[in-house]
Amino acid sequence: MVSSPETALLADLIRCPSVTPAEEGVLAILEAFLTPLGFECTRLKFEGGSSYPVDNLYATRKGNREGFHLLFAGHTDVVPPGDLDAWTHGPFSAEIVDGVIWGRGATDMKSGVAAFCAALLKAHDSGVLDHGSVSLAITNDEEADAVNGTRKLMEWAQAQGEKFDFAIVGEPSSFEIFGDSIKIGRRGSVSGRVTVEGKQGHSAYPERARNPMPALASIATTLDAPFDRGTEHFQPTNLEVTSLDTGNPASNVIPAKGTLRFNVRFNDTWAGETLLAEIERRIANADLRGCTARMEVLGPISKCFICPPDGSVATLRKVMEAYTGIAPNLATGGGTSDARFIADYCPVVECGLVGATMHQVDERVPVADVEKLTGLYAKIIEAFMTGDGR
């Protein structure tokens with residue numbers, strides 16, 4: 001049995017144990033595949049930002065420079081496999097059993113990368129690529145810090161004068177069956193820590209102490225109140241308290257201080273700055289019982305973004321419905337993705353497979369689904385390159 005180009009490429013990618021940020025040869029495989037198709041490949045290593053160095057790949061093929069410029073973005077890094085003995089087939093074996101290929105990254109998202117590259121092969125052979133330009137921004141830093149990956153890759157591309165008309169991120173976006181949804185936006189995310197300081201004392205003499213725990217409870221309650229009712233494309237903002245801690249091992253000691261950690265997923269009612277101002281206001285209005293409270297933001301703020309459902313998105317939906325027989329839903333749920341870094345440069349959506357087994361032991365994907373995704377990407381490339389996507 002002869003493997004399809006996408007299956008063979010996916011197997012090669014899975015066999016590279018590219019757990020963030022270890023590249024392990026995965027980008028060289030893509031470069032070797034794309035170069036014969038006329039792509040100019042540039043390897044870029046970014047570092048700094050209090051994070052680890054990361055290898056990235058930017059590949060571009062300029063056909064008609066006056067034509068449409070389509071960007072595909074994806075990542076080749078994967079999360080750790082966990083307990084190796086728990087896997088039915090090795091996490092980096094790329095074994096194919098009964099039409100299913102197994103391995104870490106099979107779903108998230110080496111399959112999307114392999115399918116798009118195989119679709120480019122089809123477009124190259126048919127001459128479609130000559131009608132416009134296609135670029136790929138591939139990082140090995142999506143699953144962890146995401147500091148030296150797509151964000152800096154897009155900054156670099158802009159500095160080179162690159163301008164894009166539309167971008168597709170190959171993340172798993174289908175919900176139950178292939179092609180039933182695409183993601184046109186994501187809620188923003190911000191994490192923080194509130195530290196409440198009181199005064200330590202004996203639990204039998206509370207008048208000589210200031211217990212930070214009631215203050216923390218008051219803050220938790222006020223932060224738990226609704227922030228909004230949702231918007232046209234987004235569900236309501238939610239703040240989740242993820243930990244309350246004093247580090248106090250004694251049952252008869254009132255602690256001197258305590259901390260509360262939280263994470264917020266916010267919709268387009270808010271910007272990061274306005275949301276933080278609202279959180280600060282709520283903390284200030286809590287009953288602190290004579291204690292003091294301060295808040296600090298943990299890590300970068302991920303912005304909320306939405307891609308207009310008309311224009312290129314409408315074209316994409318039309319192509320998908322013709323190919324799958326399903327009009328995809330326009331979704332915005334889930335966590336964050338690298339699409340948030342691309343939204344500042346051009347309209348962007350996520351379009352890919354069902355993500356049922358991503359990040360799980362025994363991650364796997366039917367080969368037939370990867371081949372379907374390749375066919376869909378080929379149709380999408382044709383639509384945008386030949387002018388139907390404008």
Side-chain angles (χ1 to χ4, degrees), residues 3-4 6-33 45-47 51-57 73-118 138-150 169-175 178 189 242 263 299 334-339 350 352-371 373-374:
S3 295
S4 62
E6 54 268 34
T7 305
L9 180 57
L10 175 56
D12 287 343
L13 297 178
I14 290 174
R15 292 188 189 106
C16 298
S18 53
V19 176
T20 319
E23 186 263 336
E24 299 295 343
V26 69
L27 297 181
I29 290 172
L30 293 178
E31 188 172 354
F33 188 95
K45 176 171 281 190
F46 299 122
E47 52 190 302
S51 186
Y52 40 77
V54 174
D55 291 298
N56 303 273
L57 172 67
H75 66 91
T76 49
D77 63 317
V78 297
V79 297
D83 183 3
L84 300 182
D85 293 334
W87 285 74
T88 303
H89 303 280
F92 303 110
S93 66
E95 290 189 55
I96 300 176
V97 180
D98 297 329
V100 175
I101 186 166
W102 298 67
R104 180 59 83 222
T107 300
D108 185 15
M109 59 162 284
K110 290 180 176 180
S111 52
V113 174
F116 193 82
C117 288
I138 308 296
T139 184
N140 212 60
D141 181 35
E142 193 271 350
E143 296 288 9
D145 289 2
V147 168
N148 289 312
T150 300
V169 179
E171 290 281 4
S173 62
S174 300
F175 186 62
F178 172 67
S189 175
T242 57
N263 176 258
T336 59
S337 79
D338 276 3
E350 296 171 46
L353 296 173
V354 177
T357 63
M358 59 182 178
H359 291 205
Q360 296 181 8
V361 166
D362 281 348
E363 184 176 352
R364 60 198 182 275
V365 65
V367 169
D369 284 0
V370 182
E371 293 174 346
L373 183 60
T374 300

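Excluded from the calculations below are hydrogen atoms, water molecules and symmetry mates; all remaining heavy atoms, backbone and side chain alike, are included.
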State whether the side chain of [X] and the backbone N or O of [Y] hold a donor-acceptor pair below 3.5 Å, judged by distance alone.
X: Asn148; Y: Val54; value: no
X: Arg104; Y: Pro80; value: yes
X: Glu363; Y: Gly105; value: yes
X: Glu142; Y: Gly149; value: no
X: Asp77; Y: His75; value: no
X: Thr139; Y: Asn56; value: no

**OP:** Begin from the C-alpha positions of Leu9 and Val113 and carry the test side chain to side chain contact (heavy atoms under 4.5 Å, CB included) through to its verdict.
**Re:** CA-CA 9 Å; Leu9 180 57; Val113 174; 6.0 Å; no

State the [atom1]-[atom2] distance between [X] and [Y], to the nearest 0.5 angstrom.
X: Asp369; Y: Thr374; atom1: CG; atom2: OG1; result: 10.5 Å
X: Ile138; Y: Thr76; atom1: CD1; atom2: OG1; result: 7.0 Å
X: Leu57; Y: Asn140; atom1: CG; atom2: CG; result: 10.5 Å
X: Ser111; Y: Phe116; atom1: OG; atom2: CZ; result: 14.0 Å
X: Glu6; Y: Ile101; atom1: CD; atom2: CD1; result: 10.5 Å
X: Ser4; Y: Leu10; atom1: OG; atom2: CG; result: 9.0 Å

Considering non-hydrogen atoms only, spot the tightest contact between [X] and [Y] and give its length.
X: Cys16; Y: Gly25; result: SG-C, 4.0 Å
X: Val19; Y: Phe92; result: CG2-CZ, 4.1 Å
X: Thr88; Y: Trp102; result: CB-CZ3, 3.9 Å
X: Met109; Y: Gly74; result: CE-CA, 3.5 Å
X: Thr20; Y: Tyr52; result: CG2-OH, 3.4 Å
X: Pro81; Y: Val361; result: O-CG2, 4.3 Å

**OP:** Assess whether side chain to side chain contact (heavy atoms under 4.5 Å, CB included) is satisfied between Asp108 and Glu143, documenting all intermediate values.
**Re:** CA-CA 10 Å; Asp108 185 15; Glu143 296 288 9; 2.9 Å; yes

Original post:
Is the shortest heavy-atom distance from the side chain of Val365 to the side chain of Thr357 under 4.5 Å?
Top reply: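 Of all side-chain heavy-atom pairs linking Thr357 with Val365, none is under 4.5 Å.
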
Original post:
Any side-chain heavy-atom pair from Pro91 and Leu84 closer than 4.5 angstrom?
Top reply: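 Yes, at least one pair of side-chain atoms sits under 4.5 Å.
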
**OP:** Compute whether any side-chain donor of one residue and acceptor of the other, for Asn263 and Ser189, lie under 3.5 angstrom apart.
**Re:**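 The answer is yes; a qualifying pair exists.
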
Original post:
What residues form a side-chain hydrogen bond (donor to acceptor under 3.5 Å, both in side chains) with Thr150, not counting sequence neighbours?
Top reply: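 Only Asp338 meet the side-chain hydrogen bond (donor to acceptor under 3.5 Å, both in side chains) criterion with Thr150.
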
Subject >> Residue of the set Glu24, Lys110, Glu23 for which side chain to side chain donor-acceptor pair (under 3.5 Å) holds with Ser18 >> reply: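 When side chain to side chain donor-acceptor pair (under 3.5 Å) is applied between Ser18 and each of Glu24, Lys110, Glu23, only Lys110 qualifies.
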
